[in-house]
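One structure below.
Values in this document were obtained by computation on a predicted structure and should not be read as measured data. The figures that follow rest on heavy atoms only: side chains count, while hydrogens, waters and symmetry mates do not. Below, chains carry the letters A, B, ... as their sequence lines are ordered, and counting in each starts from 1.
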Amino acid sequence: MRPCNSLKLEFLKNWIMGLQRWSFSKKEMGILERKKAIKLSADIAMASARNGTTRWSRALIANAYSKHDKHLVSKGASTEYSRRIRSKKILKRSCRRIRRRSKGLVRERTRILKNLIPGGELMNEGSLIEESLDYIVSLRAQVDVMRSLVSASEVDR
Amino acid sequence: MKSNPGTTETRSNLTASGGGQVTSFESLQFTDEIHRLILAPTTNNASSLTALLELPPPQAIELLHSSDSMKLIAASLPNVEDFKGSFRFPSNTGLTEPDARFSVFSGEANNSNEKRHSPESKNLSANLEKAVKSEPAETESSQPLVSDPTVDKRTIKRKDRENKVKGSRKKSKTAVNESSEDAEKLPYVHVRARRGQATDSHSLAERARREKINARMKFLQELVPGCNKISGTALVLDEIINHVQSLQRQVEFLSMRLAAVNPRIDFNLDSVFTSESGSLMDSNIPGLVMPAMWPEIQGDGNRQQYQHQWNVDALQQPVWGREVCNNYITPENSLLTYGSSANSATLQANQLKMEL
C-alpha cells in the first residue's frame, strides 16, 4: 500500500519548517548532532502530519517535548497528552503484577511490538494493532521522502 | 434491507439446531418487523395472523388439538405449555420450523391483549394453516415480542435474555459487524455465540474483542509484504515487528546520510532545490510545492531566480501536481507580504507552532 502523496507533502512541509528552526540557532554541529536533529525533526514532522488523530503521534510529540529541545515542539500539543500519559503510567505501575516470564509466543511478540511503537505500552491489544497499521504507513511515507531527498542531494555532488 | 441476511441465518439456525433451543434475537433489524406486528391492523379474524395470537394459551392449545391438519402442533404441545419466556423446540427435527412458529403463536397469546376471542374453530384452523405457511421472518421477529413486551427496553432485556438462555446460537460475522456498528448507538454490543460454546457475558465480550483484533490483523497482513501466505497470529506479528524495525532503521540511516551530505542543516535544502530539480520532479514528491515555499522561506535575493526556474518546470508537471500547488500557493501567498527574513522567520515559527 503506497502512502498517499498528501501525507508525504504534509510531512515534507513540516520537516522543512522544522529544519529551518535549527538553522536559526546558528551553532556548529557535528555530524552526529546533525543526524539526531534531522531524525528528530523528521519524526516530529511525521507525527504532526497526523494532527493528533493517532495515539502514537501524540506519544511521539510528548516524548520529544520532554526529552529534547523544547523549542522544536509547541507546548500546547503535548502537555495535555503527557499529563494523561503520566497518570496512566502511575496507574499501570501500581496495578500490574510484574511478570517477566512471557507466556506464549503471541504475548511475547505483542510485548516487543509495544516497545517498538511510540506510546505503545499503554495501549490495549486492539488499538495497538490499529496504531501499528497507521505507524507503518507513516514510516513508509517518511522513508520515501527521505530517500528521494538523499538521492536528490547526492546527485548534485 | 438488513433483515434478510439475519432472517436467513436464523432460519438455518432453526433447521440445524434440531434438539437445541432457539433463543431470542437481539439485533435491531427486527425492530421494524416488531413494530409492524404490534401495529398490524387486526381487522379480520379469519385472515389475519394476529387474530390467532390474541387467543389465551389454553384455548389455543385446545384448538390446536382439535384441528386435524395440525399433527405437527401436537408434537409441540408438551413444550408449549411450559413456555414462559423461553422457547423450546421438539426433538422432531423435521418439524422444527413449523413447530417454532406455533410455539411462538401460543406464546404470544400469553402477552397480547385478550380483546377478542376467535369465535370458531374453523376460522382458527384456517388461521393456523395460514400460519404454517407464513414466513419464518415473522416468527423470529415476533419472538422478542413475547418475552419483552416493552420494545423500548429491548437492549437491556435482550442482554438479560442472552445471559439466561443456555444452549447454542449461531455466530454470524454480519451480525457482529452490524452490532458493532450499532454499538456506537447502543450501550451494549450484541454478539452471538458459536454453537456449543459458553454464552456468559465475559466470554462473549472476549469473543467480540477477538473478532475485532482478527479483522485488524487482516489489514496488517495486506499491508506488510509477504504476510499474505502466513497463517497464525504469532508469525504475522513477527513479520510486522521485522517490518517496523527495518523501517525505523532505514530512517536512521537516511538521516545519517543526509547529515553527512551537508555541512549545515538547511544547506541540504538549498542545494537540493537549486541544483537538482529533475530527480525530485520524477519522484512522487511534487517538487512544484517547493517553489511556492522557497521564495518566502529563503528570503534572499535569489527568490526571483527560483521562481523563474520553477515556473518553467511547472509546465511539465502532471496535472495533479499543479492542482496541489494551487492549494499550497494561496496560504503561502500570505507570507509574501512579509518582506524581511526576520519577519518570515517568526512567521514560520508561528506556523510551525500552529501545525504542531
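Contact tally against chain B (heavy-atom pairs below 4.5 Å) for A:Leu128, A:Leu113, A:Thr110: the top residue is A:Leu113. Across B:Val236, B:Val251, B:Val244, the residue that shares the most heavy-atom pairs under 4.5 angstrom with chain A is B:Val251. Per-residue heavy-atom pair counts under 4.5 Å with chain B were compared for A:Leu139, A:Ile117, A:Asp43, and the maximum is reached by A:Leu139.
Salt bridge A:Glu125/B:Arg210: present, at least one basic N to carboxylate O contact under 4.0 Å.
Taking CG from B:Asp238 and CZ from A:Arg109, the interatomic distance works out to 3.5 Å, rounded to the nearest 0.5 Å. To the nearest 0.5 Å, atoms CG (B:Leu237) and CZ (A:Arg111) are separated by 13.0 Å.
Pairing each heavy atom of A:Leu116 with each of B:Gln248, the nearest pair is O-NE2, 3.3 Å. Taking both residues in full, the closest heavy atoms of B:Ser255 and A:Lys39 are given as OG-CB, 3.7 Å, listed atom of the first, atom of the second, then distance. Counting all heavy atoms, side chain and backbone alike, B:Ile213 lies closest to A:Gly126 at CG1-CA, 3.9 Å.
For the pair A:Arg140/B:His243, a side-chain contact is recorded, criterion being any heavy-atom separation below 4.5 Å from C-beta on. Considering only heavy atoms from C-beta on, B:Ile240 comes within 4.5 Å of A:Ile136 through its side chain. When side chains are defined from C-beta on, A:Met146 does not count as touching B:Arg257, because their heavy atoms never get closer than 4.5 Å. Residues B:Leu220 and A:Ser132 have side chains in contact (heavy-atom distance under 4.5 Å, counting atoms from C-beta outward). Between A:Arg147 and B:Phe253 the shortest side-chain heavy-atom distance does not fall below 4.5 Å.
Residue contact with chain A, scored on non-hydrogen atoms closer than 4.5 Å, involves the backbone and the side chain of B:Arg216 alike. If you measure heavy-atom distances from B:Val224 to chain A, the contacts under 4.5 Å come from both the backbone and the side chain. Proximity to chain B (any heavy atom under 4.5 Å) is restricted, for A:Ser127, to the backbone atoms N, CA, C and O.
The neighbour count for B:Lys212 NZ, taken as heavy atoms of other residues, nucleotides or ligands under 6.0 Å away, does not exceed 12.
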